[in-house]
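One structure is given below, encoded as structure tokens.
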Amino acid sequence: MIGASKIKQYSNVLEKPLSKGKQEVSLSAFAFLFSELVQYNQTQVDNIAELERRLEDAGYAVGARCLELLCHREKCVMFMPFWLSQGNRRETRLLGILSFVHSTVWKVLFGKVADSLEKGTEHEDEYMISEKELLVNRFISIPKDMGTFNCGAFVAGIVRGVLDSAGFPAVVTAHFVPMEGQQRPRTTILIKFAEEVLRREARLG
Amino acid sequence: MIVCVAVVGHQNNPLYIQSFTEADDALKLHHIVHCSLDVVDERVNNPKKSGPTLNETFLGLLYPTENYKVYGYLTNTKVKFILVTTDLDVRDVDVRNFFRRFHAAYVDAVSNPFHVPGKKITSRTFAERVSNIVKSFGLSST
């Protein structure tokens, strides 16, 4: 159950409740589930673009719920005085929501902050979050005939879900970026914000 | 005495409305909730730039009307919770507490993978939890 629980004093150590454990899921369980998800979708579609779209839609559902959950969890911090728990602010600025995705969301989902957050050079509305190796791609290798397909489309969907629910509609895609000197290419999540977001941002100054 | 609670989506579409008295006309309560949405929008668009009131989640007393008081709460995803009560002496702390538990119930209901965001919340568990929270609203204040 989400939310702060009452803290009771137990006289007998045997009466203490068991600890809640770490808020973690086993990587192998997730990898198995994700591989089943990809395989299931593969049987339903006949081209790569459709497969990417389906993975992205699955991620979108996760992202939308993730934002609600994080907003609530950051507020309900135990051991703090009740009036101090109004910690989380609603993000209205572009950089604010981007750093929220880059640090908080990544930390909750993957256990670490993303490797880097960059602003695109060619277009004003493009931002990139890069990661040396996406957690979801750890046990996946793409066959040659699939071309540029990236299972990171799931993570791109999550990011799109978070941004969309927070009021920043965007088009998010995942790409492989080959790096010199390294065997596996780096993964980049490319975020392209919609027109209205940029106009609103310019208006806010 | 809480008369009505409502969850309104980010496009001002109602996601969940529940009234807790048989006496009052349900339509009137719907109307009060609908009018309070304007006040919420006003608060959001013209924030009082004095310190911590910027981007707060708990909006406080929206407006008092005849014999009702209406409280508002805004989440990160622009989903609004509206609370209509007939109590005259409600403490701020109680209302904040109420909204915190209501937010917990809402997050649990939305985390359901079968729930479509934007559609009405049809979970019975959510309805039960909400009525539990409403019942313990006045009683927990000491």
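Proteins come first, then strands; the chains are lettered A, B, ... in the order of their sequence lines, and each starts at number 1. Just the heavy atoms: all of them, side chains too, but no hydrogens, waters or symmetry mates, feed the values below. All values reported here derive from a predicted model rather than from experimental measurement.
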Looking at [X], I'd like to know if its [atom1] atom is crowded, meaning that more than 12 non-hydrogen atoms belonging to other residues, nucleotides or ligands lie closer than 6.0 Å.
X      : atom1 : answer
A:K119 : NZ    : yes
A:K192 : NZ    : yes
B:K78  : NZ    : no
A:R138 : CZ    : no

Do B:Y106 and A:E68 make a side-chain contact, defined as non-hydrogen atoms from C-beta onward lying under 4.5 Å apart?
yes
Taking all heavy atoms of B:H115 and all of A:R65, pick out the closest pair and write down the distance.
O-NH2, 2.6 Å
Picking from B:T75, B:D108, B:V107, what satisfies side chain to side chain contact (heavy atoms under 4.5 Å, CB included) with A:H72?
B:V107
